[in-house]
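Below, all heavy atoms of this structure are taken into account, side chains as well, without hydrogens, waters or symmetry copies.
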Amino acid sequence: MSPRIRRLGAADAEAWRALRLEGLLVHPEAFGADHAEEAARPLSFFRDRLTGNPVWGAETGDGLAGTVGLLLRSGAKQRHKATLWGMYVRPGHRGTGVAEALVTALLDHAAGLVEVVQLAVAAGNRPACRFYERLGFRLYGVERHALLVGGTYHDEELRARFLRPAGD
């Protein structure tokens, strides 16, 4: 069964909060946010995040299987860029096309708004790095010691996908 990809809204806050907290708990090295800090936030915080910038969810027969968000920049000198953030797919749905469907929806939306989508991915997560490479996100740098989780530093690969050639 193919996932149904849709933009999430305020009514999805509870389900999205549960999925996001799962990701933060299971893979703390993959997110800049901290599980304990996010778990302490009220549901209204998650509702506001869903209405502030676009977030997509992948629905399957058992609820939300994955999510990804797009942070649009507002400053005059940076509004041509956006950031892919919060990508998480439940383990049972990895390798099924859910992740690619989510990123494709994000890129389709972004194409009408920005020239480039950037992201940071845990350098040690080789499957994720290969996934983003396959989807056209090219490495442009590495942030050493980007995150400190449980006393261990984690580097992040900085990647970008240009949606239009420069000057177009």
Side-chain angles (χ1 to χ4, degrees), residues 1-73 82-114 117-137 146-147 149-150 152 154 156-161 163:
M1 172 190 237
S2 296
R4 182 175 151 233
I5 307 299
R6 67 178 180 86
R7 190 160 164 188
L8 301 179
D12 300 300
E14 195 168 339
W16 182 63
R17 177 184 188 272
L19 182 66
R20 180 152 171 78
L21 291 177
E22 176 185 316
L24 296 176
L25 185 64
V26 175
H27 296 289
E29 74 290 347
F31 298 95
D34 178 73
H35 178 270
E37 290 174 354
E38 294 267 312
R41 297 185 188 278
L43 189 58
S44 61
F45 170 83
F46 295 90
R47 216 176 276 118
D48 292 345
R49 298 260 333 246
L50 288 175
T51 58
N53 275 288
V55 175
W56 289 266
E59 289 182 319
T60 60
D62 55 352
L64 280 179
T67 186
V68 67
L70 184 68
L71 177 63
L72 299 166
R73 311 239 178 114
T83 302
L84 181 154
W85 67 275
M87 178 72 176
Y88 178 69
V89 174
R90 286 196 158 124
H93 295 280
R94 294 179 189 160
T96 66
V98 167
E100 187 167 346
L102 284 165
V103 174
T104 297
L106 179 144
L107 291 172
D108 287 348
H109 180 80
L113 301 172
V114 297
V117 175
Q118 299 172 319
L119 61 83
V121 58
N125 186 343
R126 297 319 306 156
C129 293
R130 285 191 300 272
F131 168 76
Y132 289 120
E133 182 75 25
R134 185 171 57 79
L135 292 180
F137 287 88
L147 300 176
V149 181
T152 301
H154 296 271
E156 288 184 335
E157 289 188 3
L158 307 176
R159 293 181 167 271
R161 163 114 183 237
L163 305 176

Quick one: do D12 and R6 make a salt bridge, cutoff under 4.0 Å?
-> yes
Can you check whether V117 reaches F137 side chain to side chain, under 4.5 Å on heavy atoms?
-> yes
Heavy-atom side-chain proximity of L19 to R90 below 4.5 angstrom | yes
Any side-chain heavy-atom pair from M87 and Y132 closer than 4.5 angstrom?
-> yes
Between CD of E14 and CG of L64, what distance do you get to the nearest 0.5 Å?
-> 11.5 Å
Test side chain to side chain contact (heavy atoms under 4.5 Å, CB included) on Q118 and L158 and set out the steps.
-> CA-CA 7 Å; Q118 299 172 319; L158 307 176; over 6 Å; no
Heavy-atom check, side chain of W85 versus side chain of V55, under 4.5 Å | yes
Answer yes or no: is there a donor N or O on one side and an acceptor on the other, between the side chain of N53 and the main chain of L71, under 3.5 Å?
-> no
Looking at side-chain heavy atoms only, is the closest gap between T83 and R73 below 4.5 Å?
-> yes
Determine the minimum heavy-atom distance between G57 and L8, stating which atoms define it.
-> N-CG, 3.6 Å
Kindly check if the number of other-residue, nucleotide or ligand heavy atoms within 6.0 Å of CD (E133) is above 12?
-> yes
Of all heavy-atom pairs between A33 and L24, which one has the smallest distance, and what is that distance?
-> O-CD2, 3.6 Å
Please report, to 0.1 Å, the donor-acceptor pairs under 3.5 Å made by any side chain of residues 35-51, with sequence neighbours excluded.
{"residue": "E38", "atom": "OE1", "partner": "R20", "partner atom": "NE", "Å": "3.2"}
{"residue": "T51", "atom": "OG1", "partner": "R47", "partner atom": "O", "Å": "3.3"}
{"residue": "T51", "atom": "OG1", "partner": "D48", "partner atom": "O", "Å": "3.1"}

May I ask you to test the L106-P54 pair for a side-chain heavy-atom distance under 4.5 Å?
-> no
How far apart are the closest heavy atoms of G32 and L147, and which atoms are they?
-> CA-CD2, 3.9 Å
pair H93-D62: side-chain heavy atoms closer than 4.5 Å | yes
ring-ring contact (aromatic ring centres under 6.0 Å, His included) with H109: which residues, sequence neighbours excluded?
-> W56
Less than 3.5 Å apart, which donor and acceptor atoms pair up between the side chains of residues 121-130 and the rest of the protein, not counting sequence neighbours?
{"residue": "N125", "atom": "OD1", "partner": "A128", "partner atom": "N", "Å": "3.1"}
{"residue": "R126", "atom": "NH1", "partner": "A123", "partner atom": "O", "Å": "2.8"}
{"residue": "R126", "atom": "NH1", "partner": "E157", "partner atom": "OE2", "Å": "2.8"}

Taking the side chain as C-beta and beyond, is there a heavy-atom pair between E22 and P91 under 4.5 Å?
-> yes
Work out which heavy atom in I5 is nearest to a heavy atom in A58; give both atom names and the distance.
-> CD1-CB, 3.5 Å
